[in-house]
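Computed from a predicted model, the values in this text were never measured in an experiment. We count residues from 1, following the sequence as given.
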Amino acid sequence: MNKEKSQLKEFLEAVSVLQWVLSFLFLGVACLILMVYLTFTSLWPLSALYFMWLVMDWHTPEKGGRRTTFVRKWKVWEHFKDYFPIKLVKTADLNPNKNYIFGSHPHGIMCAGAFSCFSTERGGFAEAFPGIKSTLAILAGLFKLPLFREYLMSAGLCPVSKASLAHLLSKNGKGNAVVIVVGGAAESLASSPGVNTVVMKQRKGFVRMALEFGADLVPVYSFGENELFRQVIFSEGSLGRRLQDLFKMIMGFAPCLFFGEHLALVPYRSPVTTVVGSPISVPKCTTPTEEEVDHYHNLYMEALTKLFHQHKISCGLSEDHELRII
């Protein structure tokens with residue numbers, strides 16, 4: 001294919017991204033409605049059998065899930081990556097005989113960079129880091145949705161719960177990279193073009209986990225993630241912001257009011273560069289003290305800031321652009 005994309009290629013990319021957005025927003029709820037609906041039809045035995053299976057299989061997501069290479073290698077993920085495009089940048093080698101916790105920043109609206117690089121085989125992670133298996137940890141509540149949970153697990157996604165992370169870091173051998181979007185829902189509310197704000201000053205749980213299991217910390221920054229959508233930002237204390245915070249407290253995620261390029265759902269074609277930093281060596285401490293947690297948390301924030309400034313110009317930001325950590 002020439003450098004100029006054909007109309008067919010552009011169409012396939014747009015459709016690939018649209019299906020991802022629709023899946024992100026609606027597939028979980030659609031699966032739940034479908035299973036409830038089947039319960040009240042002549043097909044109720046299918047629903048009953050599945051719910052029996054669900055009860056028996058309830059803890060599988062916290063035991064490593066059921067990733068399938070087939071799903072992670074779908075051609076659709078290559079078109080998805082090329083749409084923006086998304087690029088993975090490696091800055092240091094990772095030892096496959098160790099385990100790692102990647103802190104991914106920023107959350108953006110939908111974590112497109114993290115998903116492409118760490119939950120598909122089309123982002124180049126396996127080629128850049130041979131012997132390392134990446135697992136993106138997401139909201140645990142999503143794995144309670146029937147059928148949708150099967151799709152999530154097939155892509156290698158796991159709950160961001162202590163039990164799940166402990167399994168991946170202690171019972172899954174070596175060469176595991178658990179990817180945690182540290183800022184979570186709070187950070188998504190700060191997502192806006194031209195803004196690089198990360199929420200992590202009080203987010204220390206991932207550092208404690210790293211110490212408990214002796215997993216090295218690796219900062220990751222996706223430049224351009226906040227450029228993919230435009231968001232309606234409500235000021236602190238406003239009714240809209242209070243409603244968002246209330247919803248986040250109850251449901252675990254924030255309802256962002258955003259729009260994109262086509263149909264208000266397709267993100268803008270803006271490049272995303274996901275830079276994986278150098279590992280921070282972390283000793284194993286079964287019961288780490290607050291001082292130890294604070295020490296490695298500070299080291300991590302310093303490493304993330306350094307990573308940001310080293311790569312901001314090559315990723316399209318100006319020299320005077322700053323990273324805001326709250």
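Looking at E62 and S161, their side chains do bring a donor and an acceptor atom within 3.5 Å of each other. For the residue pair Q310 and Y221, no side-chain donor N or O sits within less than 3.5 Å of a side-chain acceptor on the partner. For the residue pair H297 and K201, no side-chain donor N or O sits within less than 3.5 Å of a side-chain acceptor on the partner.
Here the closest non-hydrogen pair linking E227 and S270 is CB-OG, 3.5 Å. Y100 and L94 get closest at one heavy-atom pair: OH-C, 3.5 Å. Nearest approach of C285 to E292, heavy atoms of both residues: SG-OE2, 3.9 Å. Residue F213 comes nearest to K284 through the heavy atom pair C-CG, 4.1 Å, listed as atom of the first residue, atom of the second, then distance. When all heavy atoms are compared, the tightest approach of L136 to S119 is CB-OG, 3.4 Å. The shortest non-hydrogen separation linking T39 to S47 is OG1-OG, 2.8 Å.
Separation of atoms CG (N99) and CG (N176) is listed at 4.5 Å; rounding is to 0.5 Å. Here the straight-line distance linking atom CG of N172 with atom OG1 of T135 works out to 7.0 Å at 0.5 Å rounding. In this structure, F125 CZ and R72 CZ are separated by 9.5 Å, a value rounded to the nearest 0.5 Å. To the nearest 0.5 angstrom, H295 atom NE2 is 10.5 Å from T289 atom OG1. Taken to the nearest 0.5 Å, the NZ atom of K98 stands 10.5 Å off from the CD1 atom of I132. Rounded to the nearest 0.5 Å, atoms CD1 (I280) and CD (E302) are 9.0 Å apart.
Ring-plane geometry between F80 and F84 is classed as perpendicular, the angle between the planes exceeding 60 degrees on a 0 to 90 degree scale with a lower cut at 30. Aromatic ring pairs are classed by plane angle as parallel below 30°, tilted from 30° to 60° and perpendicular above 60°; the pair F115 and W77 is perpendicular.
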Apply side chain to side chain contact (heavy atoms under 4.5 Å, CB included) to the pair K73 and E78, showing each step before the final yes or no.
-> CA-CA 8 Å; K73 283 188 174 181; E78 183 175 329; over 6 Å; no
Check the pair Y268, F229 against ring-ring contact (aromatic ring centres under 6.0 Å, His included), reporting the backbone distance first and the verdict last.
-> CA-CA 6 Å; Y268 289 92; F229 292 98; 7.8 Å; no
Please step through side chain to side chain contact (heavy atoms under 4.5 Å, CB included) for the pair L27 and L22, ending with a clear verdict.
-> CA-CA 7 Å; L27 186 57; L22 293 176; over 6 Å; no
For K81 and S116, what are the C-alpha separation, side-chain angles and deciding distance, and is it a side chain to side chain contact (heavy atoms under 4.5 Å, CB included)?
-> CA-CA 6 Å; K81 179 196 70 173; S116 177; 3.8 Å; yes
Give the C-alpha distance, both sets of side-chain angles, the deciding distance and a yes or no for side chain to side chain donor-acceptor pair (under 3.5 Å) between S154 and T68.
-> CA-CA 5 Å; S154 68; T68 63; 4.6 Å; no
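By the 4.5 Å heavy-atom criterion applied to side chains, Y151 and L157 are not counted as neighbours. Between L228 and V272 the shortest side-chain heavy-atom distance falls below 4.5 Å.
Counting non-hydrogen atoms of other residues, nucleotides and ligands closer than 6.0 Å to NE2 of H309 gives a total above 12.
Look at K87 and D82 and you find no salt bridge, because none of the NZ, NE, NH1 or NH2 atoms lies under 4.0 Å from a carboxylate O.
H79 pairs in a side chain to side chain donor-acceptor pair (under 3.5 Å) with only one of the listed residues (K9, R122, E13), which is K9.
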